[in-house]
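Computed from heavy atoms alone, side chains included, the values below leave out hydrogens, waters and symmetry copies. The model shown is predicted, which means the values in this text are computed figures rather than measured ones. Lettering follows sequence order; numbering is per chain, from 1.
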Amino acid sequence: MARRDDARGMSEALAIAVSAVVGIVVAVASVWYFSGPFDASFETLYRVNPTVEGGGVGADYVAGNTDPLLDALIVVIHAVDIVAGLFILVLVFVHWGAFRRLGARMRDPDEPAEVATDGGRDADSGGESA
Amino acid sequence: MDHGKFTRVTTYFHSLLALDVFLLFFTGYSVMFNDELWWMVEFMGGNAGVLALHRIAGFGLIVLTVFWVTLMLIGPGRRKNFKAILMTLTDAKAFVQDVKFVLGRADERHPNARQFAGYSSDEVPLLSYVGKGVIYIFTVELVLLMVSGLLIWSKVGLAQFFQTKAAATAFVTFHGLLGVVMVMGIMFHIYEHGFHPAFYPVEMKAFVPKSMMPHEEHEEHEGTGIELLSLRPTWKWAVNLAGAAVVIGIVSVLVGSIFDSGYPVPAGLTPGGGPTSILLTIGINIGMFVLLLGVVLSTYGNVLRARYEQQVAGDEHDSEPEAAADGGQPRADE
């Protein structure tokens, strides 16, 4: 029962050090990758393209997002938020209720706590009803 | 005190992750819910300051998450944790029994639901069904948030992939909406672990490593022994006040995310998108207050941990010379 992961000394410390290095390297590399290499490509963006119907600078703001996949993604995540939100609310209410019921089983603050030390059960005043 | 579950490194990781995630929430949602949380943006250095902080915290999140996953893979004795987080049918039963318990149709919470295990601690699994759910949500959400966050790290880069500003905005929105599940979940997490009557105001097993938890041998006792504990005087109103604040916070953030999703393009050119109302403003601000409460409780947990460690160190220091001097037993108490 008293098996402790903490007690392995060096290998635990080594594992922590290695994990920390991996974490930092991955974070630096990913941020560098996503922010670095794109800087040189401004001129490929938002080109005036008058031959395309409805195209041109700023046309995307008038037309709105026309990528159905991204629109669908937003709709899906809205739905996920709502479903998850409602379930989390249920969990809050379940715990709220459970806490109140458990709290009713405990001793009131003004009751003397010494009764407990002799292992007596006389304070078993229920609390089921609350 | 209940049985410990966190190793030493986990207690530090949990606190750091909490600070980082709270910072991400405060910076991210003051931008997304700008109509309601404009003061927060001002408070944190305006738009540029907030986004800089958000990026720094985002970087921290990647470091912490990758650190944790690596540690779980290479750390001694960690692999078994992967098995311990698997959802089973018993967890579903624990949820059903929790509902029954609240309705008065069950006398006890299911072992897989128990936060206060007390005397029956040996029968309780590593994680409650809620704890498992938290791990699952964190895993999925953090991966998606980090990927989408990195994608929108540089708008130039993103626009190059998708070519329209609308698409870039859609990704920003997606990122914000994704976090809503997290923010609601964290509000519940704060409530679940801050307001349990046996632990209120903070569950020390997240702060004191299990190697330092006192394991007292106790004689056979039926049940958890929770009826032997005394309530704190403030618990009775605190549990209801915090419960109400959490519910208002969750509902407001949810409603706000629907109206105020920051996706202005298809809905017409209304920056911030959607109506602003006083109620929503108050509600979302209450939600942020709940998060702030989380920061405070987490800090308080660490203060208690420091005190406890000091006390344990002091006791050892005190008792050693005495035990050596008379060869007898160390003093049990003062």
Side-chain angles (χ1 to χ4, degrees), chain A residues 1-2 4-8 11-12 15-16 18-20 22-24 26-27 30-31 34-35 38-39 41-42 44-45 60-61 64-65 67 70-71 73-74 77-78 80-82 84-85 88-89 91-92 94-103 105-109 111 113 116 123-124 127, chain B residues 7-9 59 62-64 66-67 70-71 74-77 98-99 101-102 109 150 153-154 156-157 159-160 164-167 170 173-174 177-178 180-181 184-185 188 191-192 195-197 209-211 215 226-233 235 239 243 246-247 250 254 257-258 263 265-266:
Chain A
M1 194 187 83
R4 285 179 291 179
D5 295 337
D6 282 1
R8 303 246 190 127
S11 61
E12 171 82 2
I16 290 171
V18 170
S19 307
V22 172
I24 292 169
V26 170
S30 50
V31 168
F34 280 95
S35 60
F38 301 118
D39 284 352
S41 50
F42 280 98
T44 62
L45 298 170
D60 48 336
Y61 270 100
N65 181 23
D67 190 333
L70 286 176
D71 274 345
L73 211 57
I74 304 267
I77 197 72
H78 265 307
V80 169
D81 280 347
I82 292 167
I88 289 169
L89 279 175
L91 283 180
V92 172
V94 165
H95 281 74
W96 194 346
F99 288 174
R100 285 175 59 94
R101 206 169 161 207
L102 289 173
R105 281 183 191 176
M106 289 170 60
R107 289 163 194 274
D108 269 335
E111 262 182 83
D124 223 353
Chain B
T7 59
R8 178 173 294 274
V9 64
F59 178 80
I62 301 175
V63 174
L64 284 170
V66 176
F67 163 78
T70 314
L71 184 66
I74 66 171
D98 252 3
V99 175
F101 179 71
V102 173
R109 296 182 81 186
L150 281 169
W153 195 283
S154 155
V156 179
Q160 186 177 308
T164 68
K165 290 172 203 153
T173 304
F174 177 73
L177 289 175
L178 205 55
V180 168
V181 178
M184 295 186 299
F188 164 64
Y191 186 70
E192 186 203 358
F195 294 89
H196 189 291
K210 60 182 172 187
S211 56
H215 286 280
I226 197 170
E227 68 282 352
L228 300 176
L229 299 174
S230 281
L231 271 177
R232 282 188 176 235
W235 178 81
V239 71
V246 168
V247 169
I250 290 176
L254 189 56
S257 78
I258 296 166
Y263 188 41
V265 182

Give me the atom names and distance for the closest heavy-atom approach of A84(A) to M184(B).
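Nearest pair, atom of A84(A) first, then M184(B): C-CE, 4.3 Å.
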
Pair count under 4.5 Å, heavy atoms only, with chain B: among L91(A), V80(A), V22(A), highest is L91(A)

To check you understand the geometry: which heavy-atom pair defines the closest contact between L102(A) and P197(B), and what is its length?
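Taking L102(A) first and P197(B) second, the nearest heavy atoms are CB-CG, 3.8 Å.
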
Looking at CG of L177(B) and CG of D81(A), how far apart are the two atoms once the value is rounded to the nearest 0.5 Å?
5.5 Å

Chain A interface, residue from V180(B), V99(B), V246(B), L64(B) that has the most non-hydrogen pairs under 4.5 Å:
V180(B)

In this structure, CD1 of I258(B) is separated from NE2 of H78(A) (nearest 0.5 Å) by 7.0 Å

Which heavy atom in A98(A) sits nearest to a heavy atom in R109(B), and how many Å separate them?
CB-NE, 4.2 Å

To the nearest 0.5 angstrom, please state how far the CD1 atom of I16(A) sits from the OG1 atom of T7(B).
7.5 Å

When every non-hydrogen atom of F101(B) is compared with those of R101(A), the smallest separation belongs to O-NH1, 2.6 Å

Mind checking the CH2-CZ spacing from W235(B) to F99(A)? Nearest 0.5 Å is all I need.
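Rounded to the nearest 0.5 Å, the CH2-CZ separation comes out at 8.5 Å.
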
Under the rule for side chain to side chain contact (heavy atoms under 4.5 Å, CB included), what residues qualify as partners of I74(B), not counting sequence neighbours?
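By the side chain to side chain contact (heavy atoms under 4.5 Å, CB included) rule, I74(B) matches A15(A), V18(A), S19(A), T70(B).
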
Between L178(B), I62(B), V63(B), who has the most heavy-atom pairs with chain A when the cutoff is under 4.5 Å?
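The candidate making the most pairs under 4.5 Å is V63(B).
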
L254(B) versus G85(A), closest heavy-atom pair with distance
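Nearest heavy atoms, L254(B) then G85(A): CD2-CA, 4.2 Å.
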
Any non-hydrogen side-chain atom of I24(A) less than 4.5 Å from a side-chain atom of F67(B)?
no

Working to the nearest 0.5 angstrom, can you tell me the gap between I77(A) CD1 and T173(B) OG1?
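Here the interatomic distance stands at 11.5 Å.
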
Report yes if the distance between the aromatic ring centroids of F195(B) and H95(A) is under 6.0 Å, otherwise no.
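Aromatic pair excluded; centres sit 6.0 Å or further apart.
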
Between I250(B) and chain A, with a heavy-atom cut-off of 4.5 Å, which part of the residue counts as in contact: side chain, backbone, both or neither?
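The side chain, not the backbone.
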
Closest non-hydrogen contact found for I88(A) with F188(B) is CG2-CB, 3.7 Å

